[in-house]
Each structure stands twice: as C-alpha cells, then as structure tokens.
Amino acid sequence: MKFATKAIHAGQHPDPTTGAVMTPIYQTSTYWQKSPGEHKGYEYSRGTNPTRKALEDCIAALENGKYGLAFSSGMAATDTVLRLLKPGDEVITGNDLYGGSYRIFTKVFEKFGIRFHFLDLSKPSIIKEHSNANTKLVWVETPTNPTMQIIDIEAVAKEAKAAGALLVVDNTFASPYLQNPLDLGADIVMHSVTKYIGGHSDVVMGALITNEETLYKELFFYYNAVGGTPGPQDSFLVLRGIKTLHLRMKAHCENGRQVAAYLKKHPRIEKIYWPGFEDHPNHEVAKKQMRDFGGMISIVLKDASLQDTFEVASRFKVFSLAESLGGVESLLNHPATMTHGSIPKEVREKVGVVDNLLRLSVGVEDIEDLLEDLEQALG
Ligand SMILES: *Cc1c(COP(=O)(O)O)cnc(C)c1O
C-alpha cells in the first residue's frame with residue numbers, strides 16, 4: 001500500500017461486533033476474561049487498548065515499520081528509549097535539539113550516570129571521534145530545531161553501527177510523509193505525535209516505531225511497566241487527524257515554499273533557515289533523504305533587540321504566537337524564551353538560537369493571508 005492509502009486504512013478494520021467502519025473509542029480500563037488468562041488479547045488498558053492499537057499499527061505502517069507504540073507525550077516516548085540504558089552508558093547526540101530533549105538528557109538521565117555528548121552531527125564522522133565501548137545510543141533530530149540543519153541519516157546510521165550503538169531518529173519535524181528513517185538504517189523512530197501527525201493542535205502524544213522484534217519487546221516492557229500510555233479518546237482523535245496527513249503535508253510544503261521565498265527577499269530579515277534553498281548548507285542531503293522541504297522556517301531579524309523581536313512577534317494576526325508546531329494553523333514561536341528556554345544562553349547562542357530568531361510553523365491557510373500577515377507584522 002502507498003502512503004495515502006495507509007494513512008486512511010492501516011491498522012483499521014471494521015469493528016468485529018458492530019461493523020462500525022471507524023475504530024470505536026474503547027473507553028475501558030479492563031477486559032472480561034472467560035477464565036483466568038483466557039481473553040481476547042486485551043487485559044488492562046495501560047498495556048493494550050484496541051483504539052490505541054489501531055493507531056499504533058497505522059503510525060508503524062506510515063514509517064514502514066513493523067511495530068509501533070504510542071505514548072502520552074513525545075517526552076514519555078523519549079524517556080522509554082533512554083530506559084534501555086544503564087549507568088556508565090554514553091549517548092551521542094546533536095548540538096541543536098528540541099529543548100525538552102536537552103532537558104531530559106541533562107537534568108533527568110545524567111543524574112543516573114548516563115553521559116551525553118552534544119556534537120555537530122552534520123559531520124557524521126565526528127561520531128567515530130567521540131565513541132568508545134560505552135557508546136550505546138546515537139540520538140538524531142533532523143531537520144534540527146530551530147536552525148533547520150539537515151543530518152544525513154544514512155551516513156549517521158553507518159557510523160552508529162560501526163560504534164555498536166543504536167540509532168534513534170526524532171522524526172517530528174519531517175513527519176513520516178517527508179522522511180522514513182527506518183529505511184535509511186535507523187533502529188528506532190521517535191515522534192512527537194502532538195505536531196504534524198496529530199495535526200490539529202488538540203492532542204499531546206508521542207510514538208516509537210521499530211522493525212526489530214527484540215527491541216520492540218524491550219520497549220514494550222518499559223511502556224507497560226512505566227505506563228506513560230495514552231487513553232482511547234486521544235488515540236481516536238489522532239486516528240482521525242492522521243487520515244489527512246498527506247493532504248496537510250502537501251499544503252504545508254507548498255505554503256512553506258512561498259513564505260520562504262517571500263522572506264528571503266525581505267529587507268528586515270538578516271538570515272533565513274529553510275532546507276529548500278539551494279544555498280542551504282545541507283540542501284543536497286535534504287534532497288536525498290526528504291520528499292519535500294516542509295513548512296518549518298526560522299528567521300533572524302536584522303538589527304533587532306530582544307524588545308524589537310517581542311514587538312514584531314506580538315503584531316501577528318493570522319500566525320498565533322504559541323509553542324508547538326505542525327498544526328493546520330500557522331504558529332510563531334520565540335525559541336530563546338519559549339521552546340528553548342530550558343537551554344542555557346551560551347549553549348543556545350553557539351548554535352544560532354539568538355534573541356532575534358523567530359520560528360514559523362507555516363499552516364495550511366490561504367497563502368495570501370499568510371503573506372499579508374508577515375508583511376504587516378514585519379512592518
Ligand atoms: C514537541 C517535540 C518533542 C516533545 O514532544 P511532546 O509531545 O511535546 O512531549 C520532541 N521532539 C521534537 C522535535 C518536538 O518538536
């Protein structure tokens with residue numbers, strides 16, 4: 001099956017009791033057993049629930065994976081991956097990461113004796129220089145957030161394999177429509193489903209996808225043992241949202257292309273980050289591993305103080321100033337104080353997350369209205 005067909009059908013079958021075409025919301029915590037241990041595959045909803053299972057199978061199919069697990073947030077999914085590690089283990093990761101990933105690495109897992117190396121993974125050979133017998137995991141985000149670096153997944157997968165480490169790719173920014181890391185050698189794909197997969201800014205959820213059975217079993221153990229699993233209502237909402245993922249992504253990419261072209265020529269813009277530009281440093285890698293370039297764009301305002309940047313951010317009328325991304329509505333974010341507020345100033349400025357940087361999540365509204373809003377806000 002191809003992408004659109006999978007988005008609409010994968011994991012979903014007419015309900016065996018009523019024939020309902022849409023997967024029902026199985027709002028139940030527990031399941032009847034005929035005699036102890038004799039049941040229909042469901043025992044308790046922390047571990048398995050039919051609505052969630054339909055969603056997990058659908059997300060796995062979109063990533064060309066065999067196994068999917070859904071979590072109550074992207075961070076709960078990340079937490080589950082990190083639980084595969086033990087004290088003394090080392091992780092190699094990027095230097096431009098989602099703020100919450102940086103926080104869980106440094107504030108939660110370092111405490112348990114796990115070491116993290118934050119490196120420029122746009123040079124994959126750097127993995128060799130920093131790996132040793134304790135290196136167990138390589139964690140990659142691409143495109144990176146918010147400076148839109150593109151990391152070569154295939155090259156990083158080779159380096160990770162040579163180092164004897166698992167490769168995890170946070171595929172949130174690309175979505176499964178634009179990029180499928182398992183096909184490029186990743187062991188696990190992680191998603192903040194909250195973003196493009198959910199697509200309507202009404203659910204917080206995460207997911208992990210893998211093709212390796214033993215890895216799946218291990219991840220499933222922590223998923224059930226720790227219990228950061230989502231309920232059936234949210235699973236249903238995401239199943240509904242996912243049916244239009246391909247349509248939404250096409251529109252995000254088209255609007256993104258037009259917004260990027262408009263901003264590149266704008267006199268108030270000092271710098272623009274979007275992988276679709278031919279002069280983007282990793283444009284060739286983006287062309288190789290992504291189907292299109294997406295609707296995430298970051299801009300640095302020319303000669304703007306923090307105060308000037310706040311003023312511009314507050315003038316938008318169609319774009320909403322809010323955290324998050326990937327919904328049908330356009331959003332605007334000030335990473336230095338919002339999504340990346342938990343990263344120390346020296347650390348974030350080194351990778352370009354300066355006070356006058358704004359990140360746009362271009363939605364699927366009419367392009368004329370988006371360009372007009374940018375025009376009036378930039379003044
Ligand atoms: C939002 C986000 C996360 C965290 O996901 P939540 O659903 O908010 O817990 C992780 N990685 C990236 C790239 C994100 O954008």
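Starting from 1, each residue takes its place in the sequence as its number. Every heavy atom of this structure was used, including side-chain atoms; hydrogens, water molecules and symmetry mates were not. All ligand and atom numbering here is 1-based and tracks the order in the structure.
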What's the verdict on ring pair (Phe, Tyr, Trp, His ring centres under 6.0 Å) for Phe105 and Tyr102, showing C-alpha distance, side-chain angles and the deciding distance?
CA-CA 5 Å; Phe105 291 170; Tyr102 181 84; 8.1 Å; no
Residue among Asp355, Thr147, Asn95 satisfying side chain to side chain contact (heavy atoms under 4.5 Å, CB included) with Arg348:
Asp355
Between Thr210 (side chain only) and Asp187 (backbone N and O only), is there a donor and an acceptor less than 3.5 Å apart?
yes
CD1 (Ile59) and CG (Leu208) are apart, to the nearest 0.5 Å, by 10.0 Å
Could you check whether any side-chain N or O of Trp274 sits under 3.5 Å from a backbone N or O of Gly294, counting only pairs where one atom can act as donor and the other as acceptor?
yes
Tabulate distances under 3.5 Å between N/O atoms of ligand 1 and N/O atoms of the protein, writing both atom names on each line.
residue  : atom   : partner : partner atom : Å
ligand 1 : 5 (O)  : Ser192  : OG           : 3.0
ligand 1 : 7 (O)  : Gly74   : N            : 2.9
ligand 1 : 7 (O)  : Ser192  : OG           : 2.8
ligand 1 : 7 (O)  : Thr194  : OG1          : 2.7
ligand 1 : 9 (O)  : Gly74   : N            : 2.9
ligand 1 : 9 (O)  : Met75   : N            : 2.9
ligand 1 : 11 (N) : Asp170  : OD2          : 2.7
ligand 1 : 15 (O) : Lys195  : NZ           : 2.7

Can Lys195 be said to sit on top of Tyr98's aromatic six-ring, NZ or CZ under 6.0 Å from centre and within 45° of the ring axis?
yes
